[in-house]
There are 2 protein chains.
Amino acid sequence: MDTAPRPGLRERKKRRTRDALVRAALELFTSQGYERTTVDEIVEAVDVSQRTFFRYFAGKEDAAFAVQRMSESHFVEAVRQRPAHETPLEALRNAVMANWDTIGEAIEAVVPIELHMRTFQLIESTPVLLAAHLCRQEGLEEEIARVIAEREGLDVDADPRPRVAVALFGGVMRLAGRLWGAGDDFSVAALRELTASHLDQVIPALARDWRTDRSGGVPDTR
Amino acid sequence: MDTAPRPGLRERKKRRTRDALVRAALELFTSQGYERTTVDEIVEAVDVSQRTFFRYFAGKEDAAFAVQRMSESHFVEAVRQRPAHETPLEALRNAVMANWDTIGEAIEAVVPIELHMRTFQLIESTPVLLAAHLCRQEGLEEEIARVIAEREGLDVDADPRPRVAVALFGGVMRLAGRLWGAGDDFSVAALRELTASHLDQVIPALARDWRTDRSGGVPDTR
DNA sequence: AGGCTAGTGACAGTCACTGACAATTGACAA
DNA sequence: TTGTCAATTGTCAGTGACTGTCACTAGCCT
């Protein structure tokens, strides 16, 4: 395993340009709004041609999700490496939590965490970005459903449970994210707390008897 | 209540133009692809100026969802009018089914049903449209969650169950839609069948004892 | 050193979308 | 019936995202 076999000057330069573009883009997006920021402004801040921007990113939108992508793939990996004795929802919950602790440095290498947090809110409050976010979210859920199915030795296409479990999980996560964005404490800790409390409210409810217990968080209500 | 107090020539003309634009747009989108269809092609087919198109629709995307919007608002109304004795998920299930029977004519007044079905597939297979679809879907779910909460006399913000139930329902619907699009029978009946069978598989599973019954469709699997 | 090639910039062009203003046309009253 | 008002529409010009092309620069490799 050679994770860093001397990147070479060219590679280093590319990455520096790319990171600079991401930083500039997020900084501008969060400070003056996504729509009100032009690609020209971004490339001017980094001093490269517009054409170069579009060689690094498929579009303006793509730049906004650059950091999210890191976090997401990191999360999938975290789920994959959860011990087999955990139930699916436990594994997912623990993976999110662990992710918050370990992803920090990787993000900070590109942009300040604080900027990443502001970007998160930006996405939630910008229709075009929210749409794109939900779409990639669905792709992520499909991927995770497959990981879960494999863990449990199930066939994703035959047994709907992995997908349902992941959809439920995703729904709760999204709800927590929305509430965090609507609140007034925009710290990482606050998001962590909120996520944890929501997950801890739902998971035990699913493990309990859903039929006789009416106070849990069960959808068979009347 | 006067639902049709003589629309007036002006109104009739507006509606005719709008419908023609929708028809032309969907026809072109489904036959040559959404991205590969320009607004100029659409307006040329109807023989109006491009500016007029953008006065009727917020964007190219907006035209693609014109019929969906009808169907959705019709569905919300259907849910609202379900008898109170049905459980939330029963009400949702029955509303979808009833919707398939009654929405037909309203759609046919604008575009052929068959075109609407092809549009559905188009949305599922076009990333930009899918993103927009998921976004508006989320909005719809929020609206329905409120309707359900009201039916059951609950507070949406205090009790998560309405939202969870609706999210679950939405997830199943989306899954059915995806499978239909991936299959080879593109008829309305096929989608109806698929939707029904999926719903009928999940709803009883939720009503049963989720803890002891391991074959249902329950997310607390191991 | 010198050739190879990836990465870049400059330029022109397409397409979605918008603001402004003028021309048209249905609505309605005198 | 006719004249006025207001809604609809067309024309024109402009912005901004995004793409293809081509020449050029700069790491890389022998």
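Everything quoted here is computed from the prediction, not taken from an experiment. By convention in this document, chain letters (A, B, ...) are assigned in the order of the sequence lines, proteins followed by strands, and residues within each chain are numbered from 1.
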Task: Nucleotide-resolved protein contact map, nucleotides 22-30 of chain C, B/S/- at heavy-atom distance under 4.0 Å - done: ---BBS---
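Enclosure of atom CD in Glu44(B) is not indicated, since only 12 or fewer non-hydrogen atoms of other residues, nucleotides or ligands lie within 6.0 angstrom. Remark: Glu77(B) CD is packed, more than 12 non-hydrogen atoms of other residues, nucleotides or ligands lying under 6.0 Å away. For Asp155(A), the CG atom is densely surrounded, since the number of other residues' heavy atoms within 6.0 Å is greater than 12. The neighbour count for Arg178(A) CZ, taken as heavy atoms of other residues, nucleotides or ligands under 6.0 Å away, is above 12. Heavy-atom neighbours of Gln32(A) CD from other residues, nucleotides or ligands within 6.0 Å: above the threshold of 12. Glu150(A) CD: 12 or fewer foreign heavy atoms inside a 6.0 Å radius.
At a threshold of 4.0 angstrom between heavy atoms, the contacts of Tyr56(B) are confined to the sugar-phosphate backbone, with no base atom among them.
Using bins of under 30°, 30° to 60° and over 60° for the plane-to-plane angle, the ring pair His133(A)/Phe65(A) lands in the parallel bin. The aromatic rings of Phe75(B) and Phe169(B) lie parallel to each other, with less than 30° between the two planes, well short of the 60° mark.
Contacts of residues 29-50 of chain A with DNA chain C (heavy atom under 4.0 Å): Val48(A), Ser49(A).
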Open item on the list: Would Glu143(B) and Arg136(B) count as a salt bridge (Lys or Arg N to Asp or Glu O under 4.0 Å) here? Give the steps.
Closed with: CA-CA 11 Å; Glu143(B) 197 179 344; Arg136(B) 64 188 4 266; over 6 Å; no
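The two residues Asp200(A) and Arg93(A) make their nearest non-hydrogen contact at OD1-NH1, 2.5 Å.
A 4.0 Å heavy-atom criterion places the boundary nucleotides of DNA chain D facing chain A at dG16(D) to dC28(D), written 5' to 3'.
Going from atom NZ of Lys60(A) over to atom C1' of dA16(C) covers 13 Å, rounded to whole Å. Atom P of nucleotide dT8(C) and atom CZ of Arg15(A) are separated by 15 Å, given to the nearest angstrom.
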